[in-house]
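Bear in mind that the values here come from a model prediction, so they are computed numbers and not experimental data.
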Amino acid sequence: MRMRQLLVKTLREAPAEAELTSHRLLLRAGLVVPLAAGLYCFTPLGWRVVRNIERIIREEMNASGALEVHLPALHPIELWEQSGRAALMGQTLFRLTDRKEREFALGPTHEEVISYLASRTIQSYRDLPVTLYQIQTKFRDEPRPRGGLIRLREFTMKDAYSFDTGWDTLDASYDAAFAAYQRIFRRAGVPVVPVAADSGAIGGKDSQEFVFLTDAGEDTILLCPGCGYAANAEKAEFVPPPPLPGEQAPAERVHTPGKRTIAEVAAFLGVEPRQTLKAVFYRADSKPVFVAIRGDLEVNEVKLKNALGAREVEPMDDATVRDLGLVAGSASPVGISGMPIVADTSAVEAVNLVGGANEPDYHLRNLNHGRDWQATLVAEIALARAGDACRTCGSPLETRRGIEMGHVFKLGTLYAEKMGVYYLDESGERRPCVMGCYGIGVERMLAAIIEANHDADGIAWPWEVAPFDAHVVAIGAGEPAVAEALRQVESALAAHGLEALVDDRDDSPGIKFKDADLIGMPARLTVSPRSLERGGVELRFRRGSESAVLPAADAAAAVAKARAEALGAGPA
RNA sequence: CGGGGUGUAGCUCAGCCUGGAAGAGCGCUGCGUUCGGGUCGCAGAGGCCACAGGUUCAAAUCCUGUCACCCCGACCA
């Protein structure tokens with residue numbers, strides 16, 4: 001492929017809006033062009049990478065025994081109402097109306113539609129187990145698209161769904177998907193760690209995310225150096241610092257003028273933050289909830305939501321706080337009525353805490369659960385932090401930032417029951433299928449590949465996803481000897497089944513070398529009068545610093561060998 | 001939706017405070033030059049200064065509103 005024909009337009013400087021490395025390189029290398037927030041056009045060069053990623057996914061999914069299907073992106077809204085998720089997805093669901101006023105949604109995911117297809121095709125236990133997948137465009141009206149390709153409003157997802165007769169065989173389907181994912185990420189050159197995760201809006205049981213650890217990530221991951229436990233912060237189990245021991249003392253009202261925050265009150269009264277009781281107000285599915293937690297801890301809203309069995313939890317707005325007569329800055333569960341009081345176990349186990357007096361500028365000392373206040377519900381709803389103890393081995397947990405690349409989880413029978421996916425078992429009894437579901441974000445993977453495979457000069461593609469195997473730079477292409485050598489190089493590469501991008505532009509050598517580094521093909525071949533004098537073409541690998549001059553055929557063979565070795569051993 | 005920031009040429013940005021003929025570098029087109037790490041010269045094309053309203057003799061510049069985009073939070077692949 002000649003570079004002139006590929007519409008490769010590199011940028012010397014990245015547009016100001018790009019902050020993430022991957023975003024900057026995507027734009028500078030001319031792989032994508034932004035259209036609107038969360039929407040990108042792919043150029044011929046960028047699309048080749050996307051297709052390579054999809055090829056890897058397809059190969060590994062097929063190898064795992066999954067079957068590729070294709071489902072519409074346009075969904076009748078009734079399907080979403082049937083599952084109950086039309087309301088759950090809220091504004092994230094793009095909605096539209098056809099000419100007959102029938103309502104549709106643009107699919108943000110496909111549990112509903114795959115269930116429809118499954119309900120029409122699965123009849124007997126003899127049809128099971130089966131895993132169906134597709135690589136399809138998803139639409140989500142995200143509140144905040146971000147980071148270039150990290151969070152899009154229209155994106156490509158490989159989504160797979162397994163159907164089993166029971167939980168035991170679901171485990172096998174889940175494990176097969178899990179193994180396929182590990183192969184996919186390894187081949188694509190994205191280092192990932194599997195972490196325990198919350199199953200989120202889709203619901204279900206066991207759930208794991210494949211997370212690419214990077215400072216650019218939007219998720220917080222807790223890792224245990226002792227036993228290898230890894231979990232998303234919203235899911236992570238841990239042991240908070242222990243409470244201070246002591247005998248229950250009589251409650252006492254103290255004047256705390258102008259002291260509102262935990263830090264202020266603790267300092268004023270000469271106690272540690274873990275000797276205080278923090279009050280936080282939420283609305284769970286629009287209903288007010290009073291949350292009590294030890295002062296040194298923060299509320300994990302996902303755990304709170306799960307403890308309440310709520311669909312949605314959001315911080316209470318100031319107006320509602322006032323209307324309910326809650327005293328922000330001096331609130332405690334003492335004497336609170338008319339709303340549930342959810343307490344973290346930390347608040348229940350500690351003794352003699354300092355809490356609000358529910359009147360401005362006053363606090364109470366020596367509050368004790370059971371005596372001074374009573375929780376409606378006690379649960380573990382605190383957010384894990386770096387340094388907290390691992391639940392399994394007691395080691396201090398570490399935190400890292402990460403990007404969720406893929407998610408696998410066990411759905412169970414929820415969708416099967418709502419959407420009518422049943423089979424007849426050996427005894428002729430009608431049973432719901434036990435489902436699992438598995439997703440990978442394709443564009444996000446592209447961004448992660450760049451985050452994980454670049455240097456100061458640009459992208460350094462892993463062989464499997466590189467848009468071309470070799471970048472051929474011609475210097476002095478006007479000279480017949482160079483032009484002839486160029487043809488030899490091209491045919492030698494082609495003879496090995498290698499794809500080459502030939503820089504035939506009429507630019508200076510410096511520009512061509514800079515662009516070759518930026519665009520990042522694994523191998524670079526330079527053809528010039530100088531190289532011909534030395535006996536052939538110069539071969540250099542993007543990740544190496546040495547170069548060698550070889551006859552065209554030998555150079556092509558060396559590229560083929562390097563490629564084969566890299567593919568055999570996994571990407572460098 | 002809450003908080004912060006930015007909108008001037010394809011890209012990076014000056015100009016705005018203090019109103020008075022729209023600029024630079026890069027990129028693009030043409031000619032020449034150069035030819036192993038973003039050559040050099042000459043000549044060009046390219047802007048409704050985000051949009052709307054207002055103030056003024058006069059608005060990129062001052063005022064009001066709107067929109068878009070980016071960043072931080074709540075959500076997800």
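- When both distances must be under 3.5 Å, the Watson-Crick or G-U wobble mate of rU29(B) is rA43(B).
- Counting only residues at least two apart or on different chains, the salt bridge (Lys or Arg N to Asp or Glu O under 4.0 Å) pairs with a member in residues 517-536 of chain A are D517(A)-R524(A), R524(A)-E538(A).
- When each of rC70(B), rU12(B), rC76(B) is scored by its nearest atom to the side-chain atoms of P15(A), the top-ranked nucleotide is rU12(B).
- In this structure, Y40(A) places its OH atom 10 Å from P of rC69(B), rounding to the nearest Å.
- Using a 4.0 Å cut-off, some side-chain N or O of R146(A) falls inside it from OP1 or OP2 of rC72(B).
- Within 4.0 Å of G30(A), counting heavy atoms only, lies no atom of the nucleic acid at all.
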Which atom pairs link the protein and nucleotides 39-47 of chain B when you take only N or O atoms and keep those under 3.5 Å?
from: rU39(B); atom 1: OP2; to: S508(A); atom 2: OG; distance (Å): 3.0

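- Among the nucleotides rG73(B), rC35(B), rU12(B), the one closest to the side chain of R401(A) is rG73(B).
- For residues 48-64 of chain A, the set of pairs meeting the salt bridge (Lys or Arg N to Asp or Glu O under 4.0 Å) definition, not counting sequence neighbours, comprises R48(A)-E499(A), R51(A)-E54(A), R55(A)-E59(A), R55(A)-E464(A), R58(A)-E68(A), E59(A)-R187(A), E60(A)-R183(A), E60(A)-R187(A).
- In the model, Y282(A) has a side-chain atom that pairs as donor or acceptor with a side-chain atom of E301(A) under 3.5 Å.
- Of the residues near RNA chain B, L152(A) and G38(A), the one whose nearest nucleotide (by heavy atom distance) lies more toward the 5' end is G38(A).
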Hey, can you pull the donor-acceptor pairs under 3.5 Å for the side chains in residues 4-18 of chain A, sequence neighbours left out?
from: R4(A); atom 1: NH2; to: D504(A); atom 2: O; distance (Å): 3.0
from: T10(A); atom 1: OG1; to: D515(A); atom 2: OD1; distance (Å): 2.9
from: T10(A); atom 1: OG1; to: D515(A); atom 2: OD2; distance (Å): 3.3

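- Partners of T220(A) under the side-chain contact (heavy atoms from CB on, under 4.5 Å) rule, at least two apart in sequence or in another chain, are L222(A), A233(A), T399(A), R401(A).
- The partner of rC76(B), taking Watson-Crick or G-U wobble pairs whose two distances both stay under 3.5 Å, does not exist in any strand shown.
- Every pair tested for salt bridge (Lys or Arg N to Asp or Glu O under 4.0 Å) that includes a residue from residues 32-43 of chain A fails, sequence neighbours excluded, so the list is empty.
- Heavy atoms of T156(A) sit nowhere under 4.0 angstrom from any nucleic acid atom.
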